[in-house]
Amino acid sequence: MTGTVTGLRQIWSFTGRYRVLHLTWLAFFLTFVVWFNLPPLAGAIAADLGLTHAQLATLALCNVALTVPARILIGMVLDRFGPRRVFAGILGYAAVPSLICATATSYEWLIVGRLLASIVGAGFVVGVRMVAEWFPKNEVGTAEGLYGGWGNFGAAGAALALPAVSWLFGGADGWRWSMAASGLVAAAYGVVYLRSVQDTPDGVVYLKPRKAGALEVTSRRAVAALSAATLPLGAGLLLVTWRLSVAKVLGMSGALVVVAVILGLVAWQLALIRRVNAPVLTSATPPAERYSFRSVPILSLCYFATFGSEVAVVSMLPLYLANRFGLGGVAAGLLAGLYPFMNLTSRPAGGIVSDRVGSRRNVLLVLLIALAAGYGGLILAMDLWPLAAVAVVLVIVAVLVEAGAGATFAVVPLINARSTGQISGMVGAYGNLGALCFLTILALWGSTAFFASMALVALVAAAGCLALPDLAGHGDELAGLPVARSGEDLAELEGVSA
């Protein structure tokens with residue numbers, strides 16, 4: 001507890017690992033501004049290009065489509081090449097989809113832009129490993145919570161700032177200037193980030209996986225579980241393909257080609273899993289190198305329920321509030337911004353509580369049960385209650401969902417430091433898969449089914465937490481499970497400068 005309190009007091013020092021934390025959450029913040037730069041401007045875009053409600057729903061789906069495979073791929077690249085270069089690359093790339101959308105004159109070009117923008121949403125994975133490299137285990141929940149919460153605030157930043165920028169430029173093209181500016185600012189910061197940080201503190205070796213291409217596991221059962229966990233991610237891409245086909249974005253022949261590519265990629269990934277983990281299939285892993293893969297699918301389900309539902313709600317909320325309460329575009333965007341706004345404090349709180357309470361598993365369990373009740377309350381609030389009451393319930397649910405996401409990633413970096421990027425990639429990908437599934441439910445069955453499904457998944461994730469290996473009181477390591485970097489103590493690195 002002492003380390004956590006000391007860390008909180010020194011968080012504003014902007015030296016050593018705190019400097020790296022601030023620079024990294026700002027990088028994440030800007031990727032989220034780009035990733036969520038469409039929902040706050042949806043009304044203006046629809047008016048300018050004559051888009052229907054169904055077309056806007058399809059754009060929201062495209063906005064999370066490729067984030068699923070991107071998080072897996074970026075996790076692999078990250079573990080091999082380090083977070084400094086990878087994060088800088090993502091920030092530079094963010095300008096591409098922003099400019100495509102800003103100059104789009106048709107629905108089809110917006111589809112292309114949003115599919116490419118969905119890759120930017122994978123940037124979160126990079127900072128998870130960067131923060132884990134710089135903070136000791138008894139502070140990693142707090143640090144990851146601050147990184148995730150303040151970075152996720154980029155969604156609120158987009159909701160609050162982009163309509164104002166659009167209004168400042170004025171006219172029918174205001175939204176174009178606003179969208180372009182978000183990407184150009186991110187690209188400029190990519191250069192700053194590349195020149196300002198390093199992957200690890202001085203004297204600390206950056207651990208890399210022994211083999212590239214797939215997550216390394218340490219038992220035959222884990223190989224089977226990893227293969228099984230890969231299949232839903234492929235199914236998510238098939239879901240996107242079907243939705244785009246229904247929306248007439250893809251014709252029959254195009255959809256068949258995409259399906260064939262997806263199935264080929266899944267088969268290729270399954271083959272890589274077996275190749276990378278071939279030694280595990282023929283001989284036992286030494287006890288000192290083992291880790292519990294069981295934690296990975298459980299935490300993936302938790303993130304499906306927390307971050308997945310958060311992204312889904314953020315994606316639909318401005319337009320929903322405008323239609324439900326007759327609000328203008330700017331007013332709906334500002335009110336919807338309350339939901340991601342709570343990331344500023346709620347996600348860090350989830351990490352801080354996980355560091356300081358005796359059981360990280362129980363923190364997650366309680367938050368997920370409360371979240372299920374919160375989504376149940378939203379079913380009533382959205383249909384029956386006045387606007388002020390709906391705003392209050394939204395804030396309560398936002399606190400729970402974001403604290404749950406923070407508590408999830410208070411555990412992820414402790415599983416196996418050598419493969420933190422790939423583990424974060426899989427857990428993060430399940431968060432985006434959750435958004436895809438929930439948004440599909442919204443499109444097919446409406447808001448009641450949308451919120452009810454999120455409540456049900458939260459309960460299922462809570463049940464899964466009962467099988468999650470528990471943690472020691474201050475998060476030194478998973479109870480009974482070795483951590484790849486056990487023995488490394490970064491507590492004395494307070495004064496190390498990047």
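Keep in mind that the numbers below use all heavy atoms, side chains included, and drop hydrogens, waters and symmetry copies.
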Exercise. Applying side-chain contact (heavy atoms from CB on, under 4.5 Å), run through L110 and C62 and close with a yes or a no.
Key: CA-CA 10 Å; L110 280 176; C62 291; over 6 Å; no
Self-check item: Closest approach of P469 to S292 (non-hydrogen atoms, all atoms of both residues)
Solution: CG-OG, 3.8 Å
Practice problem: Taking the side chain as every heavy atom from C-beta outward, state whether P69 and L237 have any pair of such atoms under 4.5 Å apart. | Solution: yes
Quiz item: Please walk me through it: do L364 and L299 pass side-chain contact (heavy atoms from CB on, under 4.5 Å)?
Solution: CA-CA 10 Å; L364 254 178; L299 293 171; 3.9 Å; yes
Quiz item: Atom CG in L41, atom OG in S178: separation rounded to 0.5 Å?
Solution: 5.0 Å
Practice problem: Return the orientation label for the F124 and F409 ring planes: parallel under 30°, perpendicular over 60°, tilted otherwise. | Solution: perpendicular
Quiz prompt | Heavy-atom side-chain proximity of Y107 to L51 below 4.5 angstrom | solution = yes
Exercise. Please check if the side chain of R71 supplies one atom and the backbone of G425 the other of a donor-acceptor pair under 3.5 Å.
Key: no
Quiz item: For residues 22-45, which residue pairs qualify under side-chain hydrogen bond (donor to acceptor under 3.5 Å, both in side chains), counting only residues two or more places apart or in two chains?
Solution: H22-W25, T24-Y193, N37-R114, N37-S182
Self-check item: Minimum side-chain heavy-atom gap N152-F28 below 4.5 Å
Solution: yes
Quiz item: Can you name the nearest heavy-atom pair linking V128 to E144, along with the distance?
Solution: O-OE2, 2.7 Å
Exercise. Establish, yes or no, whether the cationic atom of R129 lies under 6.0 Å from the six-membered ring centre of F87 and within 45° of the ring axis.
Key: no
Self-check item: Geometric class of the W177/F169 ring pair [parallel <30°, tilted 30-60°, perpendicular >60°]
Solution: parallel
Exercise. To the nearest 0.5 angstrom, please state how far the CD atom of Q55 sits from the CG atom of L49.
Key: 9.5 Å
Self-check item: Nearest-0.5 Å distance that lies between atom CE in M130 and atom CZ in R17
Solution: 15.0 Å
Quiz item: Under 3.5 Å, side chain of R176 to main-chain N/O of A104, donor-acceptor pair present?
Solution: yes
Self-check item: side-chain contact (heavy atoms from CB on, under 4.5 Å) between D355 and N138, worked out
Solution: CA-CA 6 Å; D355 278 347; N138 66 323; over 6 Å; no
Quiz item: How about L439 and V311: do any of their side-chain heavy atoms sit closer than 4.5 Å?
Solution: no
Quiz item: Is the backbone of S196 close enough, under 3.5 Å, to the side chain of R19 for a donor and an acceptor to pair up by distance?
Solution: yes
Quiz prompt | Ring-ring centroid check F135 Y18, cutoff 6.0 Å | solution = yes
Quiz item: Does a sphere of radius 6.0 Å around CZ in F81 hold more than 12 heavy atoms from other residues, nucleotides or ligands, not counting ones at 6.0 Å or beyond?
Solution: no
Exercise. Assert yes or no for the condition that the ring centre distance of F29 to Y189 is strictly below 6.0 Å.
Key: no
Practice problem: With the side chain counted from C-beta on, respond yes when T67 and I119 share a heavy-atom pair under 4.5 Å apart, and no when they do not. | Solution: no
Quiz item: Where is the tightest heavy-atom contact between G351 and A410, given as atom of each residue plus distance?
Solution: CA-CB, 4.3 Å
Quiz item: When rounded to the nearest 0.5 angstrom, what distance separates CG in L146 from CD1 in I352?
Solution: 5.5 Å
Quiz item: If we only count heavy atoms from C-beta on, is the L394 to L317 side-chain gap below 4.5 Å?
Solution: yes
Exercise. Would you check if the side chain of K208 reaches a backbone N or O of D79 as a donor-acceptor pair within less than 3.5 Å?
Key: no
Practice problem: Could you check if a side-chain atom of V20 sits within less than 4.5 angstrom of a side-chain atom of E133, using non-hydrogen atoms only? | Solution: no
Practice problem: Provide the closest heavy-atom pair for L91 versus A186 in the form atom of the first, atom of the second, distance. | Solution: CB-O, 3.4 Å
Quiz prompt | Sub-4.5 Å side-chain heavy-atom contact between N432 and F307 | solution = yes
Exercise. Heavy atoms only: give me the nearest V125-G75 pair and the separation to one decimal.
Key: CG1-CA, 4.1 Å
Quiz item: What are the two closest heavy atoms between S419 and P209, and how far apart are they?
Solution: OG-CG, 4.5 Å
Quiz item: Within the side chain of Y430, is there an N or O that forms a donor-acceptor pair under 3.5 Å with the backbone of A229?
Solution: yes
Quiz item: Roughly how far apart are L116 CG and I100 CD1, rounded to 0.5 Å?
Solution: 5.0 Å
Self-check item: Separation between OG of S424 and OH of Y303, rounded to the nearest 0.5 Å
Solution: 9.5 Å
Quiz prompt | Derivation and outcome, side-chain contact (heavy atoms from CB on, under 4.5 Å), residues V411 and S354 | solution = CA-CA 8 Å; V411 180; S354 293; over 6 Å; no
Quiz item: Donor-acceptor pair, R347 side chain versus G145 backbone, under 3.5 Å?
Solution: no
